[in-house]
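Below you'll find the structure, written out as structure tokens, and then a few comments.
This structure is a prediction, so every number in the text was calculated from the model and none was measured. Start at 1 and go down the list; that is how both ligands and their atoms are numbered.
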Amino acid sequence: MAFFQAPPELGNQYRDDALITEYVARVMPPDALSRLEDEYDDVGQLSGGEYYRAQLEDLPNEPVHVPWDAWGNRVDRIDVSPLWRRAQVLSAQRGLVAAAYEGTYGSLSRVHQCLLNYLIAPSLDIYSCPLAMTDGAARTLLDSGNQHLIERAIPRLTSRDPAVMWTSGQWMTERTGGSDVGTSETVARLSDVAARSQPHGGDDRWRLFGTKWFTSAATGQMALTLARPEGNGPGGRGLALFYVEAHDDSGRLRNIQINRLKNKFGTRKVPTAELTLDGTPATLVVEPQNGVRHIAPMLNVTRLWNAMMAASGMRRAVALAKDYARRRSAFGTTLGEKPLHVDTLASIQAETEGAVLLALRTAELLGNREAGEADHHQQLLARVLTPIAKLTTGKQAVAVASEALECFGGAGYVEDTGLPRLLADAQVLPIWEGTTNVLSLDTLRALAQEGAFEALTAEVTEKLGEVRAAQLGDPANVAQRSLGHATEWLTRAMGKNAVLEAGARRFAMTIGRTVELTLLTHHAQWCLDHHRGPRASAAARRFAQNRVDLILDHDAEEVSADAHLLFEL
Ligand code: MFK
């Protein structure tokens, strides 16, 4: 009988995740633990079972843009994949946005929401994208203090009823700038006529004209967007933040044309569109300037999502690769019995655990701030760790997905196994929501606030201060040394702008990896103290052996001269 390889399978994605079950026991409120575990168990089962199977069946389906109806009317409909339609219902019912706003678990409500998404997202084909933007829009409107818009949109954005829940877009990117948003060309004109006979939360006193070049998940009922009120100056300060309701009462787009869907390398289930705004009615959210500053809460929430989704994508890739290692035999034994294969899996497992803990720590800090429980020190730390978590985990996600695919040999390169999507979908993570370089510079800006660097170093030294076990001595020392090295570099580079900028990525990545190692080591100590076994210690030790400190020690002028030589060649 001919040989056919059994494909990888997934079990309960909560129960099978040792790190997450430990984390839940360590961090979540003890009096709610059994209820929370039941919920995570349930979602973990859906993720590894029903929704994973549905995802595999859904592989060939992609969103379709229908510009015209049969009678020649411009309709600009987007038909999403069957799994996305189910994801919309599930997201509302499971509170994948709502959980962060209901306050059920106090300042840990944000962490709870992140855990739910961490468990289910890898089976929902990047439906996390509209959810992230919806969450970001809710946070931004709440922070704006605009009561009319809050009353109109928040109950919808955070609803658990699939028939009521809205998703939101985040229309920022234009042809002039994905990163340099301040160059946006969309113009806002004040109109004397409100656009609706039935007033809603907004006054719709403005009309927007321009092209939005890359609008992810253009299926939302509303969007937050930036435009330059006529007569305003250049840059991000001359832009203003606007609220747009996309459809009129009969469901037609309101002076918005969908030019086309983007033909992307990954996230192909996400209907990313190019839009023309041709007099789109819009409501000013705060004031007619400082749009970049006012949309920053959205950036920070979606960057946290990016980090959580990077971590959950890594976890999915490793779970599949580990299962496969038990099923696949070569050269006489299963891959799981081959020392080199096990070593490879250990490395990506440790990277994944570091990413999970960094993303969750960032969520803890955001949750504290949202619950009004963060002191100044924690607020600074949240601001600094958000770009660091996003940029560090984004890079890890690509590397881990690539390594995991290799664990399947040729099958990892064949589209109908579903495996190549892991890598293609991971590749967006360092790109959207701020590239690695842009966020490295943002890290420097965040650290420039008074007290921010002290908040960061205190995070590392306080957590490491709790580590006592001899088997954690090495990882604790590596973390302490790399923090020291990064601090030294920053002190030397201070005031030399070109040096600071050229080294910003190595610095930010070093800090990100140092914080990950710190959190792994701290978590491992807790596991030892609570008789959870040596697994977490092994993760910390393995992570410490992967490169943590990326700072270049050469003379800064020499590094820069070499970089120019290499660029010009
Ligand atoms: C898996 C799920 C993931 C989520 C999926 C979401 C899909 C959505 C896809 C997208 O939409 S991707 C597009 C996202 N675009 C970006 O992330 C833009 C990246 N570029 C930057 O972040 C630039 O640094 C930035 C646009 C902010 C630079 O613009 P400017 O005009 O040069 O702004 P400037 O002068 O640096 O900052 C203006 C103000 O905002 C300053 O405050 P003040 O006015 O009080 O001085 C800044 O401090 C503040 N600010 C900027 N970034 C901030 C911030 N405040 C808090 N947090 C931040 N992150």
Side-chain angles (χ1 to χ4, degrees), residues 96 114 117-118 121-122 124-137 139-140 143 167-174 176-184 212-218 220 223-226 228 233-239 241 262 264 266-267 269-273 286-287 289-313 359 366 369 379-380 382-391 393-394 397 425-446 448-449 452:
L96 296 184
C114 285
N117 282 286
Y118 168 86
L124 296 186
D125 278 343
I126 321 292
Y127 197 74
S128 49
C129 170
L131 295 179
M133 296 189 294
T134 302
D135 190 347
R139 185 72 266 148
T140 304
D143 286 1
T167 57
S168 175
Q170 168 189 359
W171 301 346
M172 285 177 68
T173 305
E174 300 199 5
T176 44
S179 297
D180 191 0
V181 173
T183 58
S184 294
K212 296 291 174 181
W213 183 240
F214 219 94
T215 59
S216 294
L224 292 183
T225 190
L226 297 173
R228 195 174 310 282
R237 292 203 166 76
L239 294 170
L241 175 61
K262 295 294 196 185
K264 293 166 293 170
T267 67
K269 307 287 178 153
V270 181
T272 304
V286 189
E287 53 171 340
Q289 60 261 325
N290 294 317
V292 169
R293 187 200 304 161
H294 293 307
I295 206 167
M298 181 133 189
L299 297 181
N300 291 330
V301 167
T302 49
R303 285 169 187 173
L304 167 64
W305 270 80
N306 208 88
M308 280 310 312
M309 295 306 101
S312 73
L366 177 62
R369 203 170 60 183
Q379 296 195 27
L380 288 170
R383 172 70 182 93
V384 173
L385 276 195
T386 303
I388 289 178
K390 194 279 182 187
L391 71 91
T393 59
D425 289 348
Q427 184 62 65
V428 81
L429 295 164
I431 296 177
W432 69 7
E433 289 311 324
T435 60
T436 310
N437 283 358
V438 165
L439 291 184
S440 299
L441 299 175
D442 186 55
T443 302
L444 292 181
R445 177 180 32 201
Q449 294 175 87

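For ligand 1, none of its N or O atoms has an N or O atom of T302 under 3.5 Å away. Where the criterion is an N or O separation shorter than 3.5 Å, residue side chain and backbone included, R303 meets it with respect to ligand 1. Taking only nitrogen or oxygen atoms, main chain and side chain alike, V438 does not reach within less than 3.5 Å of ligand 1. Between W305 and ligand 1, no N or O atom pair is found at a separation short of 3.5 Å. The distance criterion of under 3.5 Å between nitrogen or oxygen atoms is met by R445 with respect to ligand 1.
No heavy atom of N290 sits closer than 4.0 Å to any atom of ligand 1. Within the structure, the closest approach of S179 to ligand 1 falls below 4.0 Å when heavy atoms are considered. For the ligand labelled ligand 1, residue M308 lies outside the 4.0 Å heavy-atom shell.
Using a 4.0 Å cut-off between heavy atoms, N300 contacts ligand 1 through its side chain alone, with no backbone atom that close. Contacts between M309 and ligand 1, counted as non-hydrogen atom pairs separated by less than 4.0 Å, involve the side chain only.
One finds a salt bridge joining R383 and D442 here, because a Lys/Arg side-chain nitrogen approaches an Asp/Glu carboxylate oxygen to under 4.0 Å.
The backbone N or O of S168 lies less than 3.5 Å from a partner atom in the side chain of T134, making a donor-acceptor pair.
Residue T302 is tested with Q170, M309, K390 for a side chain to side chain contact (heavy atoms under 4.5 Å, CB included); the sole match is Q170.
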